[in-house]
Number of protein chains: 2
Amino acid sequence: MRYMSINRLALCGSQIGVLFLTSLDLFTREARNLGKSARTKARLMDAAVSVFARDGFEAASVNEITRAAEVANGTFYVYFKDKDEIATAVAYRIAHDVVQQLDGAMVGVSDAVERVSCATRRLLDLATSTPQWGQALFRAVWIYNDLRDSVVSYLRADLERGVAQGVFTVEIDDFLISTFSAMTMSTLFRRLNGEAGPDAGSRVAQLQLRMLGVAPDVAKRVAFQALDPITLTMPVIPREMDRSKKN
Amino acid sequence: MRYMSINRLALCGSQIGVLFLTSLDLFTREARNLGKSARTKARLMDAAVSVFARDGFEAASVNEITRAAEVANGTFYVYFKDKDEIATAVAYRIAHDVVQQLDGAMVGVSDAVERVSCATRRLLDLATSTPQWGQALFRAVWIYNDLRDSVVSYLRADLERGVAQGVFTVEIDDFLISTFSAMTMSTLFRRLNGEAGPDAGSRVAQLQLRMLGVAPDVAKRVAFQALDPITLTMPVIPREMDRSKKN
DNA sequence: GAATTTTATGAGATATATGTCAATTAATCG
DNA sequence: CGATTAATTGACATATATCTCATAAAATTC
């Protein structure tokens with residue numbers, strides 16, 4: 001599955017740097033050196049990502065998750081109170097990874113117009129490179145408001161920077177952020193459903209820049225310019241991951 | 001509930017004309033002169049609107065619908081095969097009403113910029129004036145693609161008109177339509193959740209116009225100008241509504 | 001390797017949803 | 001009014017989901 005990124009790279013020649021969100025069994029891998037209980041919990045979380053991506057949060061059932069994780073039904077309740085608890089656990093973790101990767105991908109970019117455009121494009125590339133996680137992110141963002149807020153926190157800063165630089169001529173507030181995000185998320189949705197191609201990121205970035213007040217020719221140039229190679233793409237460092245779980 | 005429109009009118013003084021989507025028990029009223037079976041079916045559909053709006057399509061159950069309609073569980077299955085069938089029935093009807101009302105509200109407007117702005121603003125006013133129907137519309141649009149297409153069919157025409165007039169400098173295709181719609185729907189969502197005020201329609205229309213290539217000052221003026229009074233706001237005419245139901 | 005602690009299991013109690021149908025009630029008609 | 005047709009009912013069979021808990025298995029400790 002990770003190899004999809006490579007394929008996409010071949011299709012979209014201009015793109016040299018690629019962000020890796022995570023492999024499908026990230027949690028399991030991270031926990032491979034930890035105790036047994038941590039490993040089981042990790043398998044459940046990986047399974048939850050798959051099931052949420054396939055069925056959505058609503059339709060997903062604990063049974064499906066335990067079946068996917070190949071553990072007994074009762075095992076689930078050893079580690080999580082209910083479906084919501086595991087949902088928040090994986091959703092927040094995905095958001096955390098996304099923010100971290102995006103931050104890392106933009107260390108060298110200082111121009112507000114470029115930053116805003118890059119963020120949108122890279123978020124889309126990232127979420128599309130591992131569709132399961134992309135789906136989970138998409139669904140989670142609709143449900144958890146504070147999670148959405150954390151994902152867009154850097155966005156607000158970039159938008160305000162642009163206003164300060166005089167390149168954005170629009171009032172920055174919750175309404176704008178929300179509309180901006182909706183454009184990105186709608187594109188992610190279409191991208192994941194195969195209704196939009198690899199240039200969707202650039203197209204929506206272009207529209208967003210125009211909306212913000214960037215001149216059409218500049219918007220086009222920046223949104224479609226080749227992305228710089230990623231400087232740091234080191235895999236996520238395995239972390240402790242709260243092994244004491246008996247609440 | 002219908003009186004909310006009046007309150008909103010008071011808050012937003014510039015608005016003289018108001019579109020009425022429908023009252024909460026539209027189907028029942030329409031069927032009041034029809035046979036008993038048509039009336040029962042209508043009660044179920046009104047109940048379905050309430051339940052879908054409250055719980056969403058996924059979480060809604062047939063039991064909840066029959067309870068709201070004050071009929072026995074078995075009665076439901078006399079009129080509908082399952083939840084999906086009643087869902088499509090009410091969803092398509094709402095979309096039909098919306099399109100009809102919007103068309104009527106824009107008979108006098110010929111300028112593409114004004115038409116696009118008006119459509120967004122009036123759709124939002126319409127859907128917000130009867131929140132239950134607005135919620136149902138919002139959820140339905142996510143689920144039924146062809147329904148969304150029908151709601152935005154007039155939009156595509158207006159956008160192409162604007163390109164022909166030289167006021168929109170953007171490529172009109174499915175991607176643009178979808179992004180444009182996402183902006184409107186996101187605003188509807190926030191409006192229904194109380195996260196955005198009555199000016200949200202104008203604000204999003206302004207952003208949309210900028211995105212399409214309209215100069216910022218023009219976009220602002222058109223999006224925030226007072227809406228013309230509605231010329232025709234006659235209530236929906238009670239119609240036959242397929243009384244022969246034995247499939 | 002026996003004792004102890006940790007982890008996993010799956011049957012089962014509880015709940016809720018779907019869809020059917022024989023029986024009942026209401027409406028209509030001659 | 002009695003007969004016939006239309007409409008409604010709610011119990012029931014079926015299915016699926018949640019969460020618990022006594023028991024079993026596995027891992028760890030001494």
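The sequence lines fix the lettering, A, B, ..., with proteins before strands; numbering per chain opens at 1.
As rounded to whole Å, 14 Å separates atom C1' of C/dG19 from atom CD of B/Glu85. Taking atom CD1 of B/Ile86 as the reference point, atom C1' of C/dG19 lies 15 Å away to the nearest angstrom. Atom C1' of nucleotide D/dA15 and atom NZ of B/Lys83 are separated by 15 Å, given to the nearest angstrom. Counting to the nearest Å, the P atom of D/dA7 and the CG atom of B/Leu44 are 14 Å from each other. Residue B/Phe80 contributes atom CZ, which lies 16 Å from atom C1' of D/dT8 at whole-angstrom precision. Regarding A/Phe76, its CZ atom lies at a distance of 14 Å from the P atom of D/dA17, rounded to whole Å.
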Under 3.5 Å, N/O pairs linking protein and nucleotides 21-28 of chain D:
none

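A tilted orientation is assigned to the rings of B/Phe57 and B/Phe52, their planes being inclined by 30° to 60°.
A donor-acceptor pair under 3.5 Å is formed between the side chain of A/Asp82 and the backbone N or O of A/Glu85. Judged by distance alone, with hydrogens and angles left aside, the side-chain atoms of B/Arg191 form no donor-acceptor pair with the main-chain N or O of B/Ala200 at under 3.5 Å. With hydrogens and angles disregarded, a donor-acceptor distance shorter than 3.5 Å links the side chain of B/Thr40 to the backbone of B/Lys36.
Across residues 48-71 of chain A, A/Val71 each have a non-hydrogen atom less than 4.0 Å from an atom of DNA chain C (numbered order).
A donor-acceptor contact closer than 3.5 angstrom links the side chains of B/Asp46 and B/Thr28. Inspection of the B/Ser202 and B/Arg121 side chains reveals an N or O donor paired with an N or O acceptor under 3.5 Å.
Annotation for B/Arg54: atom CZ counts as buried by contact number, over 12 foreign heavy atoms lying within 6.0 Å.
Nearest nucleotide to the side chain of A/Ser37, out of D/dT20, C/dT7, D/dA7: C/dT7.
Under 4.0 Å is where a charged nitrogen must lie from a carboxylate oxygen, and between B/Asp25 and B/Arg32 no such pair does.
Here A/Trp133 and A/Phe27 bring their ring centres to under 6.0 angstrom of each other.
The base of D/dC19 is not paired with the side chain of A/Asp82 by any donor and acceptor separated by under 3.5 Å.
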